[in-house]
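Before any comments, here is the structure.
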Protein chains: 2
Amino acid sequence: MPIGRPRAFCLDTALNRALEVFWRKGYEGTSLSDLTKAMGINRPSLYAAFGNKEALFRKALDRYIEEKGAYVREALEAPTARGVVERLLFGAADMLTNPDHPVGCLTVQGALTCGQEAESIRQELAGIRAQYETRIRQRMEQAQREGDLPPGADPAEVARFIATIAQGMAVQAAGGASRESLRQVAETALRVWTRQTVPTAPA
Amino acid sequence: MPIGRPRAFCLDTALNRALEVFWRKGYEGTSLSDLTKAMGINRPSLYAAFGNKEALFRKALDRYIEEKGAYVREALEAPTARGVVERLLFGAADMLTNPDHPVGCLTVQGALTCGQEAESIRQELAGIRAQYETRIRQRMEQAQREGDLPPGADPAEVARFIATIAQGMAVQAAGGASRESLRQVAETALRVWTRQTVPTAPA
DNA sequence: CCATATTCTTACCAATCGGTACAGAACTTG
DNA sequence: CAAGTTCTGTACCGATTGGTAAGAATATGG
């Protein structure tokens with residue numbers, strides 16, 4: 001046990017509370033008072049433990065990606081390209097509407113736009129979304145090497161398309177879309193999966 | 001000409017400037033100072049002419065829908081279902097990346113999440129997005145009556161899928177996606193259009 | 001018990017937030 | 001010209017923003 005007065009709150013749960021608030025209200029929409037109230041601590045405790053609002057957001061974002069983004073990592077490990085997409089889209093539908101936490105996706109609704117002071121947060125989130133697309137593309141390239149994706153298909157195009165649908169689902173979730181409706185979107189996308197990966201049908 | 005001191009600025013261009021700022025920074029990310037600076041007027045002039053920040057946003061939103069959403073109305077009037085979708089998606093790709101105004105879609109990035117005070121704006125935007133989907137659905141129902149969409153297809157499902165893609169494109173645009181990449185997404189979606197509208201292929 | 005180290009609480013900071021009071025300027029009407 | 005009306009500019013409002021100084025409180029190591 002470290003020397004000095006012991007911390008009266010749990011870092012872990014406090015961070016979880018902060019994540020929830022940022023998730024619901026976005027970076028700019030969340031005030032320090034919102035945070036301290038939800039975390040059950042005073043302002044100086046927050047600053048001592050997490051730095052400042054921006055640093056706290058980044059820590060919450062790390063946790064979000066680690067925990068709520070776990071399904072993405074698992075999906076990318078599915079044996080077939082089709083399985084990857086299936087897990088990505090249904091995983092998104094479930095995560096985005098999970099009643100155990102706020103709806104939608106933090107990387108989309110955290111700061112899609114913002115004032116000057118939050119610009120670096122906005123860019124970080126955009127970078128994470130870009131990474132998401134990149135990882136799908138790399139997985140599709142692998143699938144193509146493995147003969148799992150037709151040689152004529154464009155992995156980048158497939159990845160962008162899937163990422164766009166997933167991000168659209170995030171917008172839908174932010175607007176209150178039900179899990180069933182998002183699952184239907186995933187189903188629709190999957191129904192055409194095989195066809196979609198073939199750029200041009202031979203005449 | 002009305003009695004009293006004449007207004008020293010143009011209502012129309014001032015509103016356009018306001019729209020541009022809200023579009024770039026979102027409702028919460030835009031401050032009164034941002035607005036007055038961009039509009040070239042002082043605070044009391046803004047309040048006298050437009051009410052308050054929220055009323056100004058709503059007026060800017062009206063103009064946005066009227067002008068930048070024109071392509072949606074035109075798209076819905078295309079003769080075939082496929083033509084409708086084609087115009088919707090390529091129109092979105094072009095509008096979302098038009099260099100003459102901010103990138104992305106105001107109804108998506110204006111206030112996807114927010115603090116308490118902007119809640120009514122958030123809901124209004126969500127409602128407009130829902131309307132967008134509804135209008136597509138109604139057009140697909142019409143197409144189905146006209147035999148333009150297979151009887152087995154679900155107009156609501158098609159509409160939701162198209163709306164989701166369009167909204168995903170808006171997120172991509174907010175992240176800096178190029179016009180070409182969004183056009184590619186539109187192309188990908190259209191390539192599978194015919195197949196997609198047939199729920200289950202007969203065995 | 002003392003010294004040291006860390007956290008907690010209270011109270012505060014300057015800056016900015018959205019919004020407005022007020023006086024003078026600029027116009028029309030008579 | 002004078003009266004009436006509306007806009008503009010300055011200067012301000014209370015509330016809230018993110019962030020912190022200072023001292024009391026609580027632990028460990030001696």
Side-chain angles (χ1 to χ4, degrees), chain A residues 1-15 17-18 21-22 24-61 110-111 113-122 124, chain B residues 1-15 17-18 21-22 24-61 110-111 113-122 124:
Chain A
M1 186 164 188
I3 161 175
R5 178 169 176 173
R7 184 175 285 116
F9 62 97
C10 174
L11 272 181
D12 226 53
T13 66
L15 185 54
R17 299 277 169 78
V21 180
F22 280 130
R24 273 201 348 258
K25 304 187 153 196
Y27 180 74
E28 274 183 342
T30 300
S31 72
L32 263 282
S33 301
D34 291 332
L35 290 167
T36 54
K37 191 173 164 190
M39 299 164 86
I41 63 179
N42 295 78
R43 223 165 277 222
S45 298
L46 187 155
Y47 278 82
F50 301 103
N52 59 10
K53 188 187 176 185
E54 182 169 339
L56 174 57
F57 181 85
R58 294 194 137 92
K59 289 188 171 74
L61 178 58
T113 58
C114 61
Q116 184 61 36
E117 114 239 333
E119 187 59 25
S120 81
I121 295 287
R122 208 206 92 221
E124 170 144 359
Chain B
M1 187 164 186
I3 152 178
R5 177 170 177 173
R7 184 175 284 115
F9 62 96
C10 173
L11 272 183
D12 226 52
T13 66
L15 185 55
R17 299 277 170 77
V21 180
F22 279 130
R24 274 199 349 257
K25 304 185 153 195
Y27 180 74
E28 274 182 342
T30 300
S31 72
L32 263 280
S33 301
D34 291 332
L35 290 168
T36 54
K37 190 172 165 189
M39 300 165 85
I41 63 179
N42 295 83
R43 226 166 274 224
S45 299
L46 188 155
Y47 278 83
F50 301 103
N52 60 10
K53 186 186 176 184
E54 182 170 339
L56 174 58
F57 180 85
R58 294 194 138 92
K59 288 188 171 74
L61 177 58
T113 57
C114 61
Q116 185 61 35
E117 114 239 333
E119 186 59 26
S120 80
I121 295 287
R122 208 206 91 221
E124 170 145 359

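Nothing here was measured: the structure is a model prediction, and the numbers come from that model. Chain naming here is simple, since letters A, B, ... match the order of the sequence lines and numbering starts at 1 in each.
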Neighbour count above 12 (heavy atom, 6.0 Å) for B:Arg17 CZ: no
Rounded distance in Å - CG (B:Asn42) to P (D:dA11): 12 Å
5′-ward residue of the pair B:Glu117/B:Pro2 relative to DNA chain C: B:Glu117
Of A:Asp34 and A:Pro6, the one whose closest DNA chain D nucleotide lies more 5': A:Asp34
For B:Asp34 against B:Gly29, the heavy-atom pair lying closest together: OD2-O, 3.7 Å
Nearest-angstrom distance from the residue atom CZ of A:Phe50 to C1' of D:dG18: 17 Å
Side chain B:Lys25, main chain A:Gln116, donor-acceptor under 3.5 Å: no
Below 4.0 Å: OP1/OP2 of D:dG19 and any side-chain N or O of A:Tyr47: yes
Sugar-phosphate, base or nothing in reach of A:Thr36, heavy atoms under 4.0 Å: nothing
Shortest side-chain distance from B:Ala8, nucleotide among C:dT28, D:dT8, C:dG18: D:dT8
Of the listed nucleotides D:dT28, C:dC17, D:dT6, the one nearest the side chain of B:Arg5: D:dT6
Distance, rounded to the nearest Å, where A:Phe57 contributes CZ and D:dG18 contributes P: 14 Å
d(CD1, A:Ile41; C1', C:dT10) in whole Å: 16 Å
Closest heavy-atom pair and its distance - B:Glu54, B:Ser120: OE2-OG, 3.0 Å
Nearest-angstrom distance from the residue atom CD1 of A:Ile121 to P of D:dG18: 13 Å
Side chain of A:Pro44 (C-beta onward), nearest among D:dT10, C:dT9, C:dA26: C:dT9
Side chain of A:Met1 - closest among D:dT8, C:dT9, D:dT28: D:dT28
Whole-Å gap separating C1' (C:dG19) and CD (B:Glu54): 14 Å
Separation of D:dT10 C1' from B:Leu32 CG (nearest whole Å): 16 Å
Phosphate OP1/OP2 of C:dC17 contacted by B:Ser33 side-chain N/O (<4.0 Å): yes
Side chain of A:Ile3 - closest among D:dG4, D:dG19, C:dT4: C:dT4
From D:dT17, D:dG19, C:dG18, nucleotide with atom closest to B:Lys53 side chain: C:dG18
Whole-Å distance separating the CZ atom of A:Arg7 from the P atom of C:dT9: 13 Å
Pair of N/O donor and acceptor under 3.5 Å linking D:dG9 base with B:Arg43 side chain: no
Ring geometry between B:Phe57 and B:Phe22 (parallel below 30°, tilted from 30 to 60°, perpendicular above 60°): perpendicular
Under-4.0 Å side-chain N/O to phosphate OP1/OP2 contact, B:Asn52 with C:dG19: yes
